[in-house]
Amino acid sequence: MPRYIFITGGVVSSLGKGLASAALGALLQARGYKVRLRKLDPYLNVDPGTMSPYQHGEVYVTDDGAETDLDLGHYERFTGVSAAQADNITTGRIYKNIIEKERRGDYLGATVQVIPHVTNEIKDFIRSDAGEGVDFVLCEVGGTVGDIEGLPFFEALRQFSQEQPRGQCCFLHVTLMPYIAAAGEMKTKPTQHSVKELRSIGIQPDILLCRADRPIDEGDRKKIGRFCNVRESAVIQGLDARSIYDVPLAYHAEGLDREILAHFGIDDALDVDLSRWEGISHTLSSPNEGEVTIGVVGKYTVLPDAYKSITEALVHGGIANDVKVKIKWLESDMFEGDAALSQLEGLNGILVPGGFGYRGAEGKIRAATFARERKVPYFGICLGMQMAVIEAARNLAGIKDAMSTEFENGGEPVVGLMTEWVRGNERLEREGKGDLGGTMRLGAYPANLSKGSRVAQLYGTTQINERHRHRYEVNIDYKERLEAAGLVFSGMSPDGVLPEIVELPDHPWYIGVQYHPELKSRPFDPHPLFAGFIKAAMEMRLV
């Protein structure tokens, strides 16, 4: 039977519960334990798929096609354990399930209530099969204690912990220890109030992770322990780190994993192997190959969390090449005029990420033109590939009115909805219908790569499987005209209908992919396309 660790937060949001959960999972792995991480989100959306990136940040997609919270990306990057639909649930999905059951008559006419029906649904999610041999299930609760949306979740956790055998559950509460400059001291009161709120609903935290921007002195730790009914050794300071990949090492040094094991009565004398994290930390702090600058031309660059996985995958590409990656965020709108193109000068590489809607599309196309003509390494992802294809259609193949039907119905539909020309594929036809939350190609799909192509060399194989999240596809009807103009379709779906990868052979590095390779990149296993892109950017410094 697995042990359960519940990670909750108080005082304010954005304290790093997701990173704390991921780092703790990595530390338990380093001690030889098998872990599974899950996220409970109290918002009423069924999933974040239709939420604005400005509201929620990145939507993280799993192999089985679930649109989930970006924290699942942290879980995967830190532990290497692939997440699934079963690892993220929202209030919206819980209520959707309950209403469907009620309409079917599953409750036999009973009055449907928060207790027991909603809390039972949450508990069923928590105890659902975590996989064979899992030692610890870590469940993070989104939001902060006291949020009205989160009350059913905290009640479910309280019930769950009482129903488990004694010693099977641990509550880790993340709080804030602010420093008040005018007073010249750190304040423990926010943590005390947060714990009081948690205790008022029947949950006593076992360990406190206090986020702070400076060390917490012994006196404050004793005070917190005394007033929050927690052992002093269980008051762990969580200081700001230089890199998120330093967090496992920092939390281990503070004794977080030892305190967790002590709570469960487990001997912490087991060897802990943190060598790969030490290697990553050393590379990030002291790269031997200097620095490269990558321009990310996107639509949501004012909120970097909208491109969280891309940011991390670029860092991973730097780790693979022992080089520091500096990211220059560029809003694509600005490139719709000539003056702003000077912002692209001096970049070692240009990456155009995914997005939805017409705003900024022409700016992305102009960035692709700049990269093609100036021989700057170009990496187009999802919409970034589609814009590269439209750019090639207009400027290489002479299709002047090339366009995506996502933007307008006139012109040549070089890019369009998959159901506009794909027939006979049951899965695609099914996903091409319905509401906005169910009209996409989601999850992992296979692709075949052309032998001898640059992407085949980078992957080291001609058979790949990558995660998708998009409604529109490059129109296969234009393949011959585009290839005649020099744009090679080096990756296709197994049935040869859907273009997956394009590249320019006569360019130092110009690749567009329909899928999202950033979702499979890990610090200790960088994605080959990001590693190759950063290597090309390093070579650009010599030109």
Problem set entry | Set of residues satisfying side-chain contact (heavy atoms from CB on, under 4.5 Å) with respect to D240, sequence neighbours excluded |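 D240: side-chain contact (heavy atoms from CB on, under 4.5 Å) contacts with R211, D213.
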For this session: Determine, for F160 and R127, whether the Lys NZ or Arg CZ falls below 6.0 Å from the six-membered ring centre while staying within 45 degrees of the axis.
Result: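 Not satisfied by the 6.0 Å and 45° rule.
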Exercise. Is R467 close enough and on-axis enough to Y515, meaning under 6.0 Å and within 45°, for cation-pi?
Worked result: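 No, R467 and Y515 do not form such a contact.
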Side chains of [X] and [Y]: does their closest heavy-atom pair fall under 4.5 Å?
X: R38; Y: F125; result: yes
X: R231; Y: E259; result: yes
X: P178; Y: M186; result: no
X: I319; Y: L284; result: yes
X: I260; Y: L24; result: yes
X: P517; Y: V513; result: yes
X: L27; Y: Y251; result: yes
X: I122; Y: L40; result: yes

Is any side-chain N of the basic residue among [X] and [Y] closer than 4.0 Å to the acidic one's carboxylate O?
X: E76; Y: R522; value: yes
X: E232; Y: R226; value: no
X: R276; Y: E278; value: no
X: R469; Y: E58; value: no
X: K39; Y: D41; value: yes
X: E289; Y: K324; value: no

Exercise. Between F78 and W277, does the ring centroid distance fall short of 6.0 Å?
Worked result: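 So the answer is yes for these two rings.
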Exercise. So, do H316 and Y245 have ring centers that fall under 6.0 Å from each other?
Worked result: yes
Seminar exercise, completed: side chain to side chain contact (heavy atoms under 4.5 Å, CB included) with L208: of V174, V230, I236, only one passes, and it is V230
Without swapping roles, check the side chain of [X] against the backbone of [Y] for a donor-acceptor pair under 3.5 Å.
X: N348; Y: V292; result: no
X: D206; Y: F171; result: yes
X: D217; Y: G219; result: yes
X: N120; Y: P116; result: yes
X: N88; Y: D69; result: yes
X: S521; Y: H527; result: yes
X: H263; Y: A234; result: no
X: S194; Y: P190; result: no
X: T283; Y: P287; result: no
X: Q204; Y: N229; result: yes

Exercise. When the ring planes of H468 and H470 are compared, do they come out parallel, tilted or perpendicular, using 30° and 60° as the limits?
Worked result: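 If you compare the ring of H468 with that of H470, the planes turn out tilted.
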For this session: Step by step, work out the side chain to side chain contact (heavy atoms under 4.5 Å, CB included) result for I216 and C210.
Result: CA-CA 9 Å; I216 303 172; C210 300; 3.7 Å; yes
For this session: In sequence, state the C-alpha distance, the side-chain angles, and the governing distance for E121 and K96, and then conclude on salt bridge (Lys or Arg N to Asp or Glu O under 4.0 Å).
Result: CA-CA 11 Å; E121 196 78 19; K96 184 172 182 285; over 6 Å; no
Problem set entry | Check against salt bridge (Lys or Arg N to Asp or Glu O under 4.0 Å), D47 and R93 | CA-CA 7 Å; D47 60 43; R93 207 168 104 215; over 6 Å; no
Problem set entry | Intermediate values then yes/no, side chain to side chain contact (heavy atoms under 4.5 Å, CB included), K326 and I294 | CA-CA 6 Å; K326 178 182 177 182; I294 303 298; over 6 Å; no
Residue pair [X] / [Y], side-chain donor-acceptor N/O under 3.5 Å:
X: H516; Y: Y60; value: no
X: S21; Y: H74; value: no
X: S233; Y: R221; value: no
X: S309; Y: R77; value: yes
X: D322; Y: N288; value: yes

Answer yes or no: are there more than 12 heavy-atom neighbours, outside [X] itself, under 6.0 Å from its atom [atom1]?
X: K123; atom1: NZ; answer: yes
X: E218; atom1: CD; answer: no
X: R104; atom1: CZ; answer: yes

For this session: Walk me through it: do F379 and V352 pass the test side chain to side chain contact (heavy atoms under 4.5 Å, CB included)?
Result: CA-CA 6 Å; F379 194 0; V352 177; over 6 Å; no
For this session: Report the C-alpha separation of S281 and D246 in whole Å, then their side-chain angles, then the decisive distance to 0.1 Å, and conclude whether the side-chain hydrogen bond (donor to acceptor under 3.5 Å, both in side chains) test is met.
Result: CA-CA 6 Å; S281 178; D246 288 328; 2.5 Å; yes
Exercise. Which is it for V325 and V315 under the side chain to side chain contact (heavy atoms under 4.5 Å, CB included) test, yes or no, and what are the steps along the way?
Worked result: CA-CA 6 Å; V325 176; V315 172; 5.5 Å; no
Exercise. Rounded to the nearest 0.5 Å, how far apart are CD1 of I266 and CZ of R31?
Worked result: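 Output value for this atom pair is 10.0 Å.
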Below 3.5 Å, can you tabulate the donor-acceptor pairs from side chains in residues 133-156 to any protein atom, sequence neighbours excluded?
residue, atom, partner, partner atom, Å
D135, OD2, K34, N, 2.8
E140, OE1, Y75, OH, 2.4
E140, OE2, G18, N, 3.4
T144, OG1, D147, OD1, 3.1
T144, OG1, D147, OD2, 3.3
D147, OD2, T144, N, 2.9
E155, OE1, R158, NE, 3.1
E155, OE2, R158, NH2, 2.8
E155, OE2, Q159, NE2, 2.8

